[in-house]
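Below, all heavy atoms of this structure are taken into account, side chains as well, without hydrogens, waters or symmetry copies.
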Amino acid sequence: MARQTGKAESRTPGSRYADQRHYVVPASLAELHGPVSGSVVLDRSLDWSGDSTYDLDDAGDLQVMYQTVLNQAATTEILSQWLDGDLLRQMWSELWLPARLRALWQARFPELTVPPQTLAS
């Protein structure tokens with residue numbers, strides 16, 4: 001008797017939602033000049049969790065806010081409003097991001113693939 005393959009195995013490459021999801025990547029990290037400290041409240045279009053307030057002076061809040069914006073931003077203007085290029089470089093390796101989103105950003109900005117301690121040298 002032949003073994004039946006699962007649906008995931010029979011999908012055409014690029015047919016999954018993760019492969020189709022639209023992510024925004026700016027032309028330059030210098031375009032990102034969002035807040036670097038204090039408290040921010042993300043727009044409902046970015047964070048509909050009910051508590052969209054983030055304390056950027058708290059490392060955990062900062063990380064979650066950056067992950068949320070990177071995942072949900074629909075335009076480069078939104079990225080520019082909420083993210084800071086220098087801060088993003090510093091924390092890039094710490095962010096939990098979908099593989100495709102990370103690959104798109106690192107393809108445009110190879111410096112993001114360099115370990116943070118090397119950037120500081």
Side-chain angles (χ1 to χ4, degrees):
M1 183 185 311
R3 183 173 165 229
Q4 191 175 13
T5 60
K7 288 183 180 182
E9 294 173 27
S10 63
R11 289 187 184 139
T12 351
S15 66
R16 299 175 315 148
Y17 173 75
D19 299 328
Q20 301 297 320
R21 174 88 191 262
H22 175 73
Y23 295 112
V24 181
V25 182
S28 165
L29 292 177
E31 293 178 19
L32 306 177
H33 46 78
V36 295
S37 64
S39 183
V40 300
V41 179
L42 291 181
D43 300 334
R44 186 170 281 281
S45 63
L46 293 172
D47 186 342
W48 53 91
S49 68
D51 183 12
S52 56
T53 302
Y54 296 90
D55 175 2
L56 301 185
D57 299 313
D58 176 83
D61 270 11
L62 180 66
Q63 181 176 347
V64 171
M65 192 275 270
Y66 268 62
Q67 290 166 179
T68 300
V69 172
L70 287 163
N71 274 289
Q72 301 301 324
T75 66
T76 56
E77 290 79 15
I78 291 171
L79 292 173
S80 179
Q81 176 183 0
W82 296 108
L83 304 180
D84 177 76
D86 291 335
L87 200 49
L88 180 64
R89 268 189 213 94
Q90 292 171 22
M91 62 189 304
W92 181 256
S93 64
E94 311 283 318
L95 299 175
W96 296 355
L97 301 169
R100 187 165 163 273
L101 185 153
R102 185 175 291 281
L104 289 168
W105 277 75
Q106 290 179 178
R108 172 110 7 117
F109 307 112
E111 66 265 34
L112 293 178
T113 62
V114 178
Q117 62 273 19
T118 304
L119 287 175
S121 302

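Taking each heavy atom of Ala107 and Pro110 in turn, the nearest pair found is O-CD, 4.3 Å. Between Leu70 and Tyr23 the shortest heavy-atom distance is O-CD2, 4.2 Å. Of all non-hydrogen atoms in Val24 and Thr75, the two that sit nearest each other are CG1-C, 3.5 Å. Across Phe109 and Leu29, no two heavy atoms sit closer than the pair CE2-N, 3.6 Å. Considering all non-hydrogen atoms of both residues, Val40 and Trp82 come closest at CB-CZ3, 3.8 Å. The heavy-atom pair separating Ser39 from Thr53 by the smallest distance is OG-CG2, 3.4 Å.
Using a distance-only test at 3.5 Å, with no hydrogens or angles considered, a donor-acceptor pair links the side chain of Asp84 to the main chain of Asp86. In this structure a side-chain-to-backbone donor-acceptor pair under 3.5 Å is present from Ser52 to Leu42. Of the possible polar contacts, one joining the Asp57 side chain to the Gly38 backbone as a donor-acceptor pair under 3.5 Å is found.
Between the side chains of Gln63 and Gln67, a donor-acceptor pair is found at a separation under 3.5 Å.
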Problem set entry | Leu79 and Val69: CA distance, side-chain angles, deciding distance, side-chain contact (heavy atoms from CB on, under 4.5 Å) verdict | CA-CA 7 Å; Leu79 292 173; Val69 172; 4.1 Å; yes
For this session: Could you go through the side-chain contact (heavy atoms from CB on, under 4.5 Å) check for Gln72 and Trp48 one step at a time?
Result: CA-CA 11 Å; Gln72 301 301 324; Trp48 53 91; 3.3 Å; yes
Problem set entry | side-chain contact (heavy atoms from CB on, under 4.5 Å) between Met65 and Asp47, intermediate numbers included | CA-CA 9 Å; Met65 192 275 270; Asp47 186 342; over 6 Å; no
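Residues satisfying the side chain to side chain donor-acceptor pair (under 3.5 Å) criterion with Ser80, sequence neighbours excluded, are His33. Partners of Asp61 according to the salt bridge (Lys or Arg N to Asp or Glu O under 4.0 Å) rule, which considers only residues two or more places apart in sequence or in another chain, do not exist here.
Of the inter-residue distances, the one linking Leu112 atom CG with Trp92 atom CH2 reads 5.5 Å to the nearest 0.5 angstrom. Here the CG-CG distance, from Leu104 to Leu97, works out to 11.0 Å after rounding to the nearest 0.5 Å. The line from OG of Ser37 to CG of Asp58 is 13.0 Å long, rounded to the nearest 0.5 Å.
Considering only heavy atoms from C-beta on, Leu87 comes within 4.5 Å of Leu62 through its side chain.
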